[in-house]
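In what follows, a structure is listed as structure tokens, so that the remarks can point back to it.
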Amino acid sequence: MMEIELVQGDITAVRVDAIVNAANSSLLGGGGVDGAIHRRGGSAILAECRALRASRYGRGLPTGQAVATTAGNLPASWVVHTVGPVWSASEDRSSLLRDCYANSLRVADELGATSVAFPLISAGIYRWPVEDAVRQALAVLTAARPTTVTRARLVLFDATTHATAVGVRERLR
Ligand code: ADP
């Protein structure tokens, strides 16, 4: 069984084996949590991302997929970069959002990570409604088969988002 924690905070300060980055497909940095990870993590992460673009992902990392780099100056050991879908009111892209969590977990497991922290993927610049973003995250994390990862932490940036996430989990019980 994987333990799932909902915490409020800044994911760049979290001490776990792997933190997940809500990246964009360029892998070359952006705003939101992506910007914070590259700022705090230093240029080593960006150098590895550039190498990934030059080798495996010439056209960018596809939405829903995940790939790891080391974590530079961050307290974590690895960053797992994943690309969430942009919210669409006319098209259901939720399976791609769930793929982000599932593929990030798989990559973390392949690294031998036992603890992983996730931001609320797609719920910022990509405009996914917060309650549904939490629902999609919990759907994957609660159904995950046992792997080396025994602790998953969903890190909500502000108090309002954290309270919403706790409410969503209560209603699922
Ligand atoms: P996306 O482009 O996938 O929407 P964002 O980074 O814009 O990604 O937002 C995803 C979520 O991460 C949002 O809820 C945002 O408030 C949150 N966030 C932004 N910075 C941080 C941070 N340093 N730690 C944790 N969460 C963060």
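As the structure lists them, so they are numbered: ligands from 1, and atoms in each ligand from 1.
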Polar pairs, ligand 1 vs protein, N/O only, below 3.5 Å.
from, atom 1, to, atom 2, distance (Å)
ligand 1, 3 (O), Ser122, N, 2.9
ligand 1, 4 (O), Ser122, O, 3.3
ligand 1, 4 (O), Gly124, N, 2.9
ligand 1, 4 (O), Ile125, N, 3.1
ligand 1, 4 (O), Tyr126, N, 2.9
ligand 1, 6 (O), Val33, N, 2.8
ligand 1, 7 (O), Ile125, N, 2.8
ligand 1, 9 (O), Gly124, N, 3.3
ligand 1, 23 (N), Asp10, OD1, 2.9
ligand 1, 24 (N), Ile11, N, 2.9

Roughly how far apart are Asp158 CG and Leu156 CG, rounded to 0.5 Å?
->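 Between atom CG of Asp158 and atom CG of Leu156 there are 7.5 Å.
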Between Arg135 and Asp132, is there a salt bridge with N-O shorter than 4.0 Å?
->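 Salt bridge present between Asp132 and Arg135.
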Keeping the roles fixed (side chain from Ser122, backbone from Pro85), state whether a donor-acceptor pair exists under 3.5 Å.
->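 Indeed, once roles are kept as given, a pair shorter than 3.5 Å links the two residues.
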Heavy-atom closest pair, residues Asp17 and Thr114 =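 For Asp17 and Thr114, the tightest heavy-atom pair comes out as OD2-N, 2.8 Å.
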Considering all heavy atoms of both residues, which atom of Ile45 and which atom of Leu74 are nearest to each other, and what is their separation?
->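 So the two residues come closest at CD1-CD1, 4.2 Å.
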Hey, can you tell me if Tyr101 and Phe118 have their rings parallel, tilted or perpendicular (30° and 60° cut-offs)?
->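 It falls in the tilted class, 30° to 60°.
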